[in-house]
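First the structure, in the form of structure tokens, and then the observations on it.
FYI, side chains are in, hydrogens and waters are out, and symmetry mates aren't considered; it's all heavy atoms of this structure. Along the sequence shown, residues carry numbers from 1.
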Amino acid sequence: MSKIKITDTSLRDGHQSLWATRMTTKDMLPILEDLDQVGYHSLEVWGGATFDVCIRYLNEDPWTRLKLIRQHVKNTKLQMLVRGQSLVGYTHYPDDVAERFIEKAAENGIEIFRVFDALNDLRNLETVMKTIKKTGLHAQACVVYTISPVHSLNHFLDTALKLQDMGADSICIKDMAGLLAPYASYDLVKSLKENLRVPVQLHTHYIGGLAIATLLKAAEAGVDVIDTASVPMAFGSSQPPVETIVRALQESDWDTGLDLHKLFDVANYFEKMRLSRGFERGVTSISDMQVFEHQIPGGMISNLYSQLEEQKASDRIGEVLDEIPKVRADLGFPPLVTPTSQIIVIQAVLNVLMEDRYKLCPAEVKDYVKGLYGRPPVAITDEIKKKIIGDEAIITVRPADLLEPILDKCRNETRNFAKNDEDVLTYALFPQVALKFFEARELKTNLTNEDSTHPADKKGTDVAVSGKKAINEKKAVSIVEGDEEMRIEEIEQIIKALDNSSIEQLDLQKNNCRLYLSKSNTVVPERPREYSNVVVTAEEKPPVVEEQLDLTEIIAPMVGTFYAAPSPEAESFVKVGDVVEQGQTLCILEAMKLMNEIKAEARGTIVKIMVENNEAVEYGQVLFLIQQD
């Protein structure tokens, strides 16, 4: 017997599971050196949703976060989660992006790469595994655990053996939904230890209440490393608490050797931060324990609640939870982990909201059915395929083989504002969000250069600011949406930089503010949006309809962002005066991180478009007026 090693997940999966990944780098810095002295096997600090949230909501550079953590953590290995060919995103990226991303993550401080594919389709791990091995760092490959008619112990063992043959330095059992029961844990770990040459690690979630017992039985079976979180970020949909596990194993053959006093010092810091920021404590509710039926992973369950609230449908959570296992069975029993968890859950939400199963299917769901995410564990029936993709063909090759290299194109498109390869990669992964982030960063830099006083040191009323701006466009100024706040004095600096006569719109509201300033003769260009290989740009505001007609309203079935849709000829965008056919895509609503096509229900002529490109829309808002033929 030997001591159990522990990976701490507090700085990644802990707050992703409970706090929607909202811990900032500023929150982390004061405790890093204490964490470094605990004696952990590794600290999971990056990957997963942290990258997206940094640029989308926190106005932080995720690469800067990693560099700062590396500067403060000198003794403990840093670890990240890689979603296979999806890296830290929700779709597959070309091999050139995957290779460069792994190289730059290694350069900036990652030493252990935990890689997984949501479908256990090992073709989707080939590129990242090969690149990690080239760096000389640790490649930890995951066996994604789930329960279904086809997921057996032999299936998991066979997957682990193939991963070992691919060069895995260790194997992780990734139980993202807390489904692994204690005795099944013992049997699975024992089987892996008896048949593998490499160490075995276990990652599980507390969501259904099994995790502590599951880890203890894994210890008895010989597991080498386990994942835990500091108690303020444990329980509920997160990992089990390190303090409980350390005490449970004290004076046993698997004693961790960690100092409880140091662990509670760390916990006290996180608890004070939790209380000051209003973050939730991990608890297990009845709907959480239904994980044994719906199988939603820890990081997704909190997002599901917030998404339903956003859609003004939180009262329908029960219906959605009932629908999820049905959709999962329809789509071939995929393990529910990013991105398949989003794909299955969002389709279930839409089935409930539309009250017509598969009437509205996001592009990502269609891509999954086409095979663009990999092979489902079970073939999807022809009936379900027909409902979702009609007569479109299914691909059988490795999905990334269909993707052309894009890094050179991204370097060219970002040459005026990317400071380094890290910026280029950020843009390659999340182009629209990255542009907004770069705009905010540039504006912040300009303000700092003009005024050395830090915004936090100024006095004044806090006003959140949002809007759009062209990169390097001095006559149009705004600040991206996000948690970042600016004060009145800073807004005044922007206004003074423009002629007052040039202000087209200035609408400041406490806690819900939009600021959009531009020269009246200046067109503010938007970053073209790529959708189905067609570049979509902002359309002109439609003309006012003078005559009264008997019109059909096309309304938004969800809260989201409106994007113009290309015409069938892909030479223009759907516009006033166009005759549209039944089933033709009228627009795309970006909602819940997915693209949702809104289609015409009958043939007709577009009389009026009620919203503008890139505009946020509410549930039930009218999008189009159509005169049916």
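Across every non-hydrogen atom of Ile346 and Pro362, the tightest pair is CG2-CG, 4.1 Å. Closest heavy-atom contact between Ala218 and Leu202: CB-CD2, 3.6 Å. Across all non-hydrogen atoms, the minimal contact from His15 to Thr50 is NE2-CG2, 4.4 Å. The two residues Ala98 and Leu87 have their closest heavy-atom pair at CA-CD1, 3.8 Å. Shortest non-hydrogen contact noted between Val369 and Ile394 is O-CD1, 3.1 Å. For Asp96 against Ile406, the heavy-atom pair with the smallest separation is OD2-N, 3.0 Å.
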Worked verdict on Leu125 versus Leu163 for side-chain contact (heavy atoms from CB on, under 4.5 Å): CA-CA 9 Å; Leu125 300 181; Leu163 290 170; 3.7 Å; yes
Determine, stepwise, if the pair Leu122 / Asp117 fulfils side-chain contact (heavy atoms from CB on, under 4.5 Å). CA-CA 7 Å; Leu122 304 191; Asp117 177 69; over 6 Å; no
For a side-chain contact (heavy atoms from CB on, under 4.5 Å) check, start with the C-alpha distance between Leu119 and Arg375, then their side-chain angles and the critical distance, and finish with the verdict. CA-CA 7 Å; Leu119 298 173; Arg375 281 189 293 258; 5.7 Å; no
Can Leu425 and Val97 be said to form a side-chain contact (heavy atoms from CB on, under 4.5 Å), step by step? CA-CA 7 Å; Leu425 285 165; Val97 174; 4.2 Å; yes
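For Lys77, the NZ atom sits in a loose shell: 12 or fewer heavy atoms of surrounding residues, nucleotides or ligands are nearer than 6.0 Å. At most 12 heavy atoms of other shown residues, nucleotides or ligands fall within 6.0 angstrom of atom NZ in Lys190. Crowding of Glu601 atom CD: a count of heavy atoms from other residues, nucleotides or ligands under 6.0 Å not exceeding 12.
Side chain of Thr426 to backbone of Ala434: no donor-acceptor contact under 3.5 angstrom is found. Thr9 places no side-chain N or O within 3.5 Å of a backbone atom of Arg12 that could act as its donor or acceptor partner. Glu44 places no side-chain N or O within 3.5 Å of a backbone atom of Leu81 that could act as its donor or acceptor partner. The backbone N or O of Ala49 lies less than 3.5 Å from no partner atom in the side chain of Asp52, so there is not a single donor-acceptor pair. Using a distance-only test at 3.5 Å, with no hydrogens or angles considered, a donor-acceptor pair links the side chain of Tyr368 to the main chain of Leu331. Checking side-chain atoms of Asn613 against main-chain N and O of Ala564 turns up a donor-acceptor pair under 3.5 Å. Side chain of Asn124 to main chain of Gly84: no donor-acceptor pair is present (N/O by atom type, distance under 3.5 Å, no hydrogens or angles).
Asp13 and His203 share a donor-acceptor pair across their side chains, judged by distance under 3.5 Å alone. Asn614 and Tyr563 are linked by a side-chain donor-acceptor pair at a separation below 3.5 angstrom, with hydrogens and angles left out of the test. Side chains of Tyr427 and Glu413: a donor on one and an acceptor on the other come within 3.5 Å.
The line from CZ of Phe430 to SG of Cys54 is 10.5 Å long, rounded to the nearest 0.5 Å. Separation of atoms CE (Met80) and CZ (Phe51) is listed at 8.5 Å; rounding is to 0.5 Å.
Seen from the ring of Tyr358, Lys387 does not count as a face-on cation partner, given the 6.0 Å and 45° thresholds.
Ring geometry, Tyr373 versus His92: the interplanar angle exceeds 60°, so the pair is classed perpendicular (tilted spans 30 to 60°).
Phe624 pairs in a side-chain contact (heavy atoms from CB on, under 4.5 Å) with only one of the listed residues (Val580, Ile598, Ile554), which is Ile554. Here the rule is ring-ring contact (aromatic ring centres under 6.0 Å, His included) with Phe101, and of Tyr93, Trp63, Phe113 only Trp63 fits it. Applying side-chain contact (heavy atoms from CB on, under 4.5 Å) to Leu360 and the options Gln347, Met558, Lys599 leaves one that passes, Met558.
Using a cut-off of 4.0 Å between Lys/Arg side-chain N and Asp/Glu carboxylate O, Asp95 and Lys130 are scored as not salt-bridged. Residues Asp121 and Arg398 are not paired through a salt bridge, judged by the lack of any N-O separation under 4.0 Å between the basic side chain and the carboxylate. Salt-bridge formation is not detected for the pair Lys409/Glu404: no Lys NZ or Arg NE/NH1/NH2 atom is positioned less than 4.0 Å from an Asp or Glu carboxylate oxygen. Using a 4.0 Å cut-off between charged side-chain N and carboxylate O, Lys104 and Glu107 make a salt bridge. A salt bridge is defined here as a Lys NZ or Arg NE, NH1 or NH2 lying under 4.0 Å from an Asp or Glu carboxylate O, and Glu103 with Arg100 meets this definition. Ion pairing of Asp391 with Lys385 is absent here, as no side-chain N (NZ or NE/NH1/NH2) approaches a carboxylate O to less than 4.0 Å.
With a 4.5 Å cut-off on side-chain heavy atoms, Asp330 and Ile380 do not count as touching. Using a 4.5 Å cut-off on side-chain heavy atoms (C-beta onward), Leu66 and Leu78 make contact.
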Using residues 131-147 as the side-chain source, report each donor-acceptor pair under 3.5 Å to any protein atom, sequence neighbours left out, with the distance given to one decimal.
| from | atom 1 | to | atom 2 | distance (Å) |
| --- | --- | --- | --- | --- |
| Thr131 | OG1 | Thr127 | O | 2.8 |
| Lys133 | NZ | Gly167 | O | 3.0 |
| Lys133 | NZ | Asp169 | OD1 | 3.0 |
| Lys133 | NZ | Asp169 | OD2 | 3.3 |
| Thr135 | OG1 | Ile132 | O | 2.5 |
| Thr135 | OG1 | Leu137 | N | 3.2 |
| His138 | NE2 | Ser170 | OG | 2.7 |
| Gln140 | OE1 | Arg114 | NE | 2.6 |
| Gln140 | OE1 | Arg114 | NH2 | 3.2 |
| Gln140 | NE2 | Ser170 | OG | 3.1 |
| Gln140 | NE2 | Gln201 | OE1 | 2.8 |
| Thr146 | OG1 | Gln295 | OE1 | 2.7 |
| Thr146 | OG1 | Arg328 | NH2 | 2.8 |

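Under the side chain to side chain contact (heavy atoms under 4.5 Å, CB included) criterion, Glu293 pairs with Gln290, not counting sequence neighbours.
For the salt bridge (Lys or Arg N to Asp or Glu O under 4.0 Å) condition, the pairs that include at least one residue of residues 145-160, sequence neighbours left out, are Asp158-Lys162.
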